[in-house]
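Positions are given from 1, in the same order as the sequence printed here.
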Amino acid sequence: MENTSNLSPIEEAILKRILTNQTVEGVIVTNEDRQLQYTSLDNNITFFISSKLLSFADIVRSTIRDIDPTDDLLTFRLQTRHKEMMVVTPNDGMQVIAIQKINLSSSTSAKQQNDKEHNDSFS
């Protein structure tokens with residue numbers, strides 16, 4: 001693993017377990033000051049993705065607080081046709097971004113099954 005000197009042994013074990021999943025393309029961990037603690041991605045990609053997603057997390061957190069001032073953002077997921085990104089922002093200040101590929105064959109079959117279940121045609 002790269003750049004894990006700032007992580008506890010428990011955090012390192014969790015990262016190893018996440019990265020063993022073949023669909024996971026990368027993980028980024030930052031501290032409360034958004035300083036990079038760990039990345040499994042190229043540095044250019046890391047800084048591009050982390051700056052965009054963490055800024056978006058701030059917007060989402062603000063929106064949630066506007067709706068309910070006692071609530072807070074813990075995680076959110078974004079899904080595109082090919083990738084899914086999860087941002088975890090626990091109370092200890094660390095932020096974790098995980099990016100994974102979406103298995104198109106299983107998602108296509110699940111969509112076809114879902115379409116069959118919700119087909120309103122009477123033919």
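Remark: E32 CD is packed, more than 12 non-hydrogen atoms of other residues, nucleotides or ligands lying under 6.0 Å away. Dense packing is recorded around NZ of K83, with more than 12 heavy atoms of other residues, nucleotides or ligands lying under 6.0 Å away.
The shortest non-hydrogen separation linking G26 to S40 is CA-OG, 3.1 Å. Of all the heavy atoms in L73 and A57, the pair that sits closest is CD2-O, 3.6 Å. Heavy atoms only, all atoms of each residue included: S55 and S51 are closest at OG-O, 2.8 Å.
Proximity of a side-chain donor or acceptor of D33 to a complementary backbone N or O of Q35 within less than 3.5 Å is not detected. Between the side chain of T89 and the backbone N or O of L74 there is at least one donor-acceptor pair closer than 3.5 Å. Judged by distance alone, with hydrogens and angles left aside, the side-chain atoms of S62 form no donor-acceptor pair with the main-chain N or O of D58 at under 3.5 Å.
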Derivation of the side-chain contact (heavy atoms from CB on, under 4.5 Å) call for T39 and V27: CA-CA 6 Å; T39 184; V27 175; over 6 Å; no
Criterion side-chain contact (heavy atoms from CB on, under 4.5 Å) on E11 and M94, from CA distance to verdict: CA-CA 11 Å; E11 292 166 335; M94 302 276 288; 4.0 Å; yes
For T30 and L54, what are the C-alpha separation, side-chain angles and deciding distance, and is it a side-chain contact (heavy atoms from CB on, under 4.5 Å)? CA-CA 10 Å; T30 63; L54 295 177; 3.8 Å; yes
Please step through side-chain contact (heavy atoms from CB on, under 4.5 Å) for the pair I99 and V24, ending with a clear verdict. CA-CA 6 Å; I99 302 162; V24 174; over 6 Å; no
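Side-chain contact between T75 and V87: absent, with no pair of heavy atoms (C-beta onward) separated by less than 4.5 Å. Contact check for Q95 versus V88: no side-chain heavy atoms found under the 4.5 Å cut-off.
Rounding to the nearest 0.5 Å places CE of M86 at 12.5 Å from CG of L53. Taking CD1 from I102 and OG1 from T23, the interatomic distance works out to 9.5 Å, rounded to the nearest 0.5 Å. The CD atom of Q79 sits 5.0 Å away from the CD atom of E84 when rounded to the nearest 0.5 Å. Annotation: the span from N43 atom CG to I28 atom CD1 amounts to 10.0 Å, rounded to 0.5 Å. Here the straight-line distance linking atom CG of D71 with atom CD1 of I64 works out to 6.5 Å at 0.5 Å rounding. With values rounded to the nearest 0.5 angstrom, Y38 atom OH is found 6.0 Å from L15 atom CG.
Under the 4.0 Å criterion applied to side-chain N and carboxylate O atoms, R65 and D72 are assigned as salt-bridge partners.
A donor-acceptor pair shorter than 3.5 Å cannot be found between the side chains of S50 and R34.
Cluster annotation: I49 and I59 are assigned to distinct hydrophobic clusters (Ile/Leu/Val/Met/Phe/Trp/Tyr, side-chain heavy-atom contacts under 4.5 Å, transitive). Hydrophobic clustering keeps I67 apart from F76 (ILVMFWY residues linked when any side-chain heavy atoms are closer than 4.5 Å, directly or through intermediates).
In terms of the salt bridge (Lys or Arg N to Asp or Glu O under 4.0 Å) criterion, R17 has no residue partners (sequence neighbours excluded).
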